[in-house]
Amino acid sequence: MRHGLGFVARHGRWCLVLGLLAGLTLPEVASALKPWLPEMISGLLFLSALRIGPRAAIGGMQDIGQTLKIIGIYQFMAPMAALVIVWGLGVASSPWALALVLVLSAPSVTGSANFAILLGRDPAIAMRLMLVGTALFPLTAIPVLWLSPASDTILDVLMGAGLLMGVIFGAVGVAFAARFWVWRELTPETSSALDGASAILLGIVVVGLMSAVGPALWGTPIIFAAWLCFALTLNFGAQTLAARFMPVQDELRERTGVSIVAGNRNIALFLVALPEATTEMLLLFIGCYQVPMYLTPIVMRRIIAPDVVER
């Protein structure tokens, strides 16, 4: 089995493509998987944390300081700047502006460390940005949501963020305990097997996340195409800007992870935190946003990890 998972790890990016295609063409399967998304995402977090280990994920105090700085830029300064722009243009209540602000307000997706692994990079900084960003999300989201028309109250947002924090830190805590008590050091074969298992699970997760996209693709293709173009531009544009301009301390180890997180945000968090009338407008965008997210290890390789040898 280890050899089979190792083979999958070497070609893991294509698991994501297959997952996207299945999500678009097999709506019944996508609908069947959707209720299991929390469990699958927890499993993905467990595999990522088990692969990385607590020492690399947590880092030193200097790493934590840099992590806080990046989160401040990503989850506070960027959405506040976007709010100023959309208010100035008089379009703050439009679905497009709302999607932009919420994406920039959200913490990293739970699979960001897995994307870094698929690109052959150190996943530690992506894991730190996801963990710390999610923990700080209730604080960074308060001024953004107060100034945006997304919600009349932040209570539901804070409750949703708290639930997500519990899932994330629960899965990661179990994985770190396993590394401490069972696997202090992983062999290269074990690391490769974990990478393969993560790639398979990522491919399955994306099928469930695409449950709203298939009907739109066939029913309203023009609207679908417009939202997809917007999602592609927002995601890949943010990653490209981070790859070019975001300062990092260790170019080789950190540039890719910081760039991945810039564009790949957990906007799905808002589905459990905002009024139904607001989230209804965003369901198609959230589905479309999975496309650039899961194409990141393929499309963005030359921009955010240009010197990694193709596998």
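Keep in mind that what you see is a predicted model, and the values were worked out from it rather than measured.
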**Request:** Begin from the C-alpha positions of Leu119 and Arg301 and carry the test side-chain contact (heavy atoms from CB on, under 4.5 Å) through to its verdict.
**Result:** CA-CA 7 Å; Leu119 285 165; Arg301 171 175 289 269; 3.9 Å; yes

**Item:** ring-ring contact (aromatic ring centres under 6.0 Å, His included) partners of Trp96, counting only residues at least two apart
**Value:** Trp227, Phe230

**ring-ring contact (aromatic ring centres under 6.0 Å, His included) partners for Tyr289, two or more places apart** = Phe285

**Asked** Going by atom types alone, do Ser48 and Asn114 pair a side-chain donor with an acceptor below 3.5 Å?
**Response** yes

With sequence neighbours excluded, residues passing salt bridge (Lys or Arg N to Asp or Glu O under 4.0 Å) with [X]:
{"X": "Arg179", "answer": "none"}
{"X": "Glu39", "answer": "none"}
{"X": "Arg265", "answer": "none"}

**Message:** Can you tell me which residue among Ile267, Ile286, Asn266 is in a side-chain contact (heavy atoms from CB on, under 4.5 Å) with Val103?
**Reply:** Ile267

**Request:** Indicate yes or no: at least one non-hydrogen side-chain atom of Arg255 is less than 4.5 angstrom from one of Arg121.
**Result:** no

**Request:** Please confirm whether the backbone N or O of Ala231 pairs with a side-chain atom of Asn235, one donor and one acceptor, at under 3.5 Å?
**Result:** no

**Ser192 side chain vs Glu189 backbone, donor-acceptor pair below 3.5 Å** = no

**Item:** Partners meeting side-chain contact (heavy atoms from CB on, under 4.5 Å) with Val132 (sequence neighbours left out)
**Value:** Thr67, Leu68, Ile71, Leu136

